[in-house]
Amino acid sequence: RQLSMAVVQQREEMYALIIGQLRSDGFDDAAKVLSEKVLGGKACAPSGRLARITELGVQSEGRQKALDDGGGAAEADALPGLNLDSGDPTLAQSAALFPTEIYQTKHRGEVRAACFSKDGSFAATADVAALVKIYSVQKIRAIGDRVAGAEEGSPVVRTIGDQKKAINDIAFHPDAPIFISSSEDCTISFYDYSKPNPIRPSRTIQESHNVKSFAIHPGGTFLLAGTDHPILRLYDVNSAQCYATQNAFEHHTAPISVVRYNDDGRQYASGCKGGQIKLWDGVSGRCINTFAEAHEGAAITSLQFSKNGNYLLTGGRDSVVRLWDLRHGKVLINYMGASSSDREIQSCFSEDETAVYSIDEKSDGVCSWDASTGYNFSLTKRVGAGRCLAHSPKHKLLLGGGGDGKDARAHFWGLRTQEEIDATGQAAPMDVVADSHAVAATADAVPADTTTAAAAPAPEAADDVDAYKQFLASTAAAVKPSTSAVPLQKREAEDENEGTSKKARVEATETTS
């Protein structure tokens with residue numbers, strides 16, 4: 001029977017995955033025999049990708065079986081974090097938490113990136129002078145709690161300064177004591193911070209463009225890279241092999257500014273300077289949805305999935321933070337009040353996803369909202385939160401810094417209610433502006449110039465929350481998912497964006513210290 005060319009290519013990719021897995025597991029002889037039988041002896045690099053795909057597939061089958069048996073709904077309801085389907089009118093009653101500074105430290109230049117480790121034990125900041133500082137969160141919290149002797153010794157446990165140009169993004173490996181950073185020098189570097197002096201990277205991925213953002217897969221085996229180029233890259237961390245979708249219609253239309261995985265790796269999202277947000281399948285690599293002008297066409301600056309994967313928090317240079325329902329492809333809440341135009345400002349959930357935090361560029365302050373309603377808005381001015389912002393996954397702790405290019409400080413803030421601040425006798429937050437009825441109007445997930453959003457009624461009591469949610473549902477329109485996505489394959493296409501006919505396959509090299 002004659003097979004179509006597409007089926008043949010898929011089979012070859014499947015055989016290559018099997019051969020790569022055999023080589024990764026040490027069965028070189030078997031891999032060689034199979035390669036000669038099905039691929040004409042074509043060489044395949046060792047790779048653990050097949051094992052990971054199998055693991056994700058088995059997990060997906062288990063979840064689908066639970067849904068088919070009628071048990072999936074209860075399992076989904078039990079997931080932690082934000083859940084706007086509960087209909088609980090008390091959601092609007094969460095108390096505002098104000099940032100009070102615990103600790104600050106100087107950098108060589110403007111602080112550009114901040115993050116926490118998955119378990120919340122460590123935090124890190126990086127600057128334009130390529131300096132990274134890694135902190136003990138336990139030590140930071142002890143300083144904030146005024147534990148006796150806590151101020152003896154620095155909470156900075158490691159410093160790294162190997163990369164040649166400004167650092168754009170940073171992250172901790174989910175399982176190993178590995179710190180990862182991307183830089184304007186077109187590299188992604190891996191450092192073993194269990195060593196006392198991790199001066200040199202243990203591994204480096206060399207890119208062809210400035211690496212603006214990256215995201216490590218929750219399993220630690222793959223890494224997404226967004227660069228000053230419209231094509232999103234996927235790397236096998238062990239082999240440094242690079243992959244990308246080969247269909248031009250799935251690529252972004254402008255350089256990529258931010259990429260992020262969800263908590264189980266089943267989906268990832270990417271945003272670009274042209275205002276697009278794309279949602280991707282984490283197993284097949286297919287683009288499954290595109291929000292063409294997610295922030296009125298403004299550049300996308302931050303992305304974060306909710307813990308249950310149902311929602312996506314996005315930030316852009318249009319001074320609006322938005323919450324998307326990924327199941328229906330629409331905006332649920334616009335968090336209004338923060339200004340952003342010149343800086344790549346970040347937004348984030350609190351550790352329990354009851355609050356949303358962002359930066360007010362105009363005042364170098366921190367804004368906060370109730371995550372479920374967009375109300376209880378507060379702004380704490382002039383705290384040095386100029387550009388980057390991260391929230392601990394385990395504690396009520398914010399980390400940030402940056403600014404106008406002159407602020408070379410990183411700040412840790414504890415989050416407390418006004419009553420807690422008064423009880424401890426600490427100084428009140430500077431220039432706090434609070435408004436319990438700040439309006440969070442919704443918008444259709446389509447270009448703003450084709451839709452006029454009505455003004456949302458501000459609920460004056462908890463009983464009005466249901467009416468407000470009905471308003472959200474009535475004004476938000478769903479976006480149809482992409483129907484033209486294809487499986488992920490190695491890219492060997494012409495680079496039309498640079499006006500050349502050379503192959504655009506990304507060559508990545510791995511170096512060891």
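Numbering starts at 1 and runs along the sequence shown.
The closest side-chain heavy-atom distance from Phe412 to Leu397 is below 4.5 Å. Ser213 is not listed as a side-chain neighbour of Ile256, based on a closest heavy-atom distance of 4.5 Å or more. Tyr311 places none of its side-chain heavy atoms less than 4.5 Å from the side chain of Ile333. Taking the side chain as every heavy atom from C-beta outward, Val259 and Tyr268 never approach each other to under 4.5 Å. Under the 4.5 Å side-chain criterion, counting only non-hydrogen atoms from C-beta, Ser270 is not in contact with Leu224. Proximity of Val237 to Thr221: side-chain heavy atoms (C-beta onward) are nowhere separated by under 4.5 Å. By the 4.5 Å heavy-atom criterion applied to side chains, Ile205 and Phe190 are counted as neighbours. Within the 4.5 Å cutoff, no side-chain heavy atoms of Tyr335 are placed close to those of Val320.
Judged by distance alone, the side chain of Ser358 and the main-chain N or O of Cys367 form no donor-acceptor pair under 3.5 Å. One N or O on the side chain of Lys133 and one on the backbone of Lys106 form a donor-acceptor pair closer than 3.5 Å. With hydrogens and angles disregarded, no donor-acceptor distance shorter than 3.5 Å links the side chain of Asp370 to the backbone of Tyr375. A donor-acceptor pair is defined here as one N or O able to donate and one able to accept, closer than 3.5 Å; no such pair exists between the side chain of Gln304 and the backbone of Leu313. With hydrogens and angles disregarded, no donor-acceptor distance shorter than 3.5 Å links the side chain of Asp127 to the backbone of His107. A donor-acceptor pair is defined here as one N or O able to donate and one able to accept, closer than 3.5 Å; such a pair exists between the side chain of His173 and the backbone of Gly220. One N or O on the side chain of Trp369 and one on the backbone of Met336 form a donor-acceptor pair closer than 3.5 Å. Under the 3.5 Å distance criterion, the side-chain polar atoms of Gln346 are left unmatched by any main-chain donor or acceptor of Thr301. No donor-acceptor pair under 3.5 Å is formed between the side chain of Ser183 and the backbone N or O of Thr187. Between the Ser257 side chain and the Gly271 main chain, a donor and an acceptor come within less than 3.5 Å of each other.
For Gln104, the CD atom is densely surrounded, since the number of other residues' heavy atoms within 6.0 Å is greater than 12. In Arg158, the CZ atom is crowded: over 12 heavy atoms of neighbouring residues, nucleotides or ligands sit closer than 6.0 Å.
Looking at Ile160, Asp192, Ile178 one by one, the single match for side-chain contact (heavy atoms from CB on, under 4.5 Å) with Pro198 turns out to be Ile160.
Ring-plane geometry between Trp280 and His252 is classed as tilted, the angle between the planes lying from 30 to 60 degrees on a 0 to 90 degree scale. In this pair, Tyr261 and His217 present their aromatic rings perpendicular. The plane angle is above 60°, beyond the 30 to 60° band.
No side-chain N or O of Ser182 forms a donor-acceptor pair with one of Asp169 less than 3.5 Å apart. Using a 3.5 Å distance cut-off with no hydrogens or angles, the side chains of Ser302 and Arg260 do not pair a donor with an acceptor. Side chain to side chain, Ser378 and Ser368 meet the donor-acceptor criterion of an N or O pair below 3.5 Å. Tyr135 and Thr125 share a side-chain donor-acceptor pair at under 3.5 Å.
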Exercise for the section: Report the C-alpha separation of Arg112 and Glu184 in whole Å, then their side-chain angles, then the decisive distance to 0.1 Å, and conclude whether the salt bridge (Lys or Arg N to Asp or Glu O under 4.0 Å) test is met. Expected result: CA-CA 12 Å; Arg112 182 173 283 186; Glu184 290 182 359; 2.8 Å; yes

Problem - Worked verdict on Ser339 versus Glu361 for side chain to side chain contact (heavy atoms under 4.5 Å, CB included) - result: CA-CA 5 Å; Ser339 65; Glu361 181 181 311; 4.0 Å; yes

Problem - Criterion side chain to side chain contact (heavy atoms under 4.5 Å, CB included) on Cys186 and Gln206, from CA distance to verdict - result: CA-CA 6 Å; Cys186 305; Gln206 182 66 54; 3.7 Å; yes

Exercise for the section: Apply the test side chain to side chain contact (heavy atoms under 4.5 Å, CB included) to residues Val157 and Tyr193: give CA-CA distance (whole Å), side-chain angles for both, the deciding distance (0.1 Å), then the verdict. Expected result: CA-CA 9 Å; Val157 295; Tyr193 63 87; over 6 Å; no

Practice task
Please report the C-alpha distance between Ile140 and Leu399 in whole Å, then the side-chain angles of each, then the deciding distance to 0.1 Å, and finally whether the side chain to side chain contact (heavy atoms under 4.5 Å, CB included) criterion is met.
Solution key: CA-CA 11 Å; Ile140 294 290; Leu399 169 61; over 6 Å; no

Exercise for the section: For the pair Arg200 and Asp162, evaluate salt bridge (Lys or Arg N to Asp or Glu O under 4.0 Å) and give the outcome as yes or no after the intermediate values. Expected result: CA-CA 6 Å; Arg200 298 284 184 183; Asp162 177 70; 3.5 Å; yes

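The OG1 atom of Thr227 lies 4.0 Å from the CZ atom of Arg233; values are rounded to the nearest 0.5 Å. Atoms CD and CD1, from Gln267 and Ile288 in turn, are 4.5 Å apart once rounded to the nearest 0.5 Å. Atom CG of residue Asn289 and atom CG of residue Asp281 lie 12.5 Å apart, to the nearest 0.5 angstrom. Taking CZ from Phe349 and OG from Ser306, the interatomic distance works out to 5.5 Å, rounded to the nearest 0.5 Å. Atom-to-atom distance recorded for Lys381:NZ and Asp364:CG is 12.0 Å, nearest 0.5 angstrom. Here the straight-line distance linking atom CG of Asn168 with atom CZ of Phe214 works out to 10.0 Å at 0.5 Å rounding.
The minimum heavy-atom distance between Ser350 and Tyr357, with the atom names listed, is CB-CE1, 3.9 Å. When all heavy atoms of Thr204 and Ser189 are compared, the closest pair comes out as OG1-OG, 4.0 Å. When all heavy atoms of Ala294 and Ile300 are compared, the closest pair comes out as CB-CD1, 4.3 Å. Scanning both residues, Gly144 and Arg416, for their nearest heavy atoms gives O-NH2, 3.4 Å. Nearest approach of Leu82 to Glu353, heavy atoms of both residues: N-OE1, 2.6 Å. The two residues Ile167 and Leu131 have their closest heavy-atom pair at CD1-N, 4.5 Å.
Proximity of the aromatic rings of Tyr243 and Phe222 is defined here by a centroid distance below 6.0 angstrom, and this criterion is not met.
Comment: Lys362 does not engage Asp360 in a salt bridge, judged by the lack of any side-chain N to carboxylate O separation of less than 4.0 angstrom.
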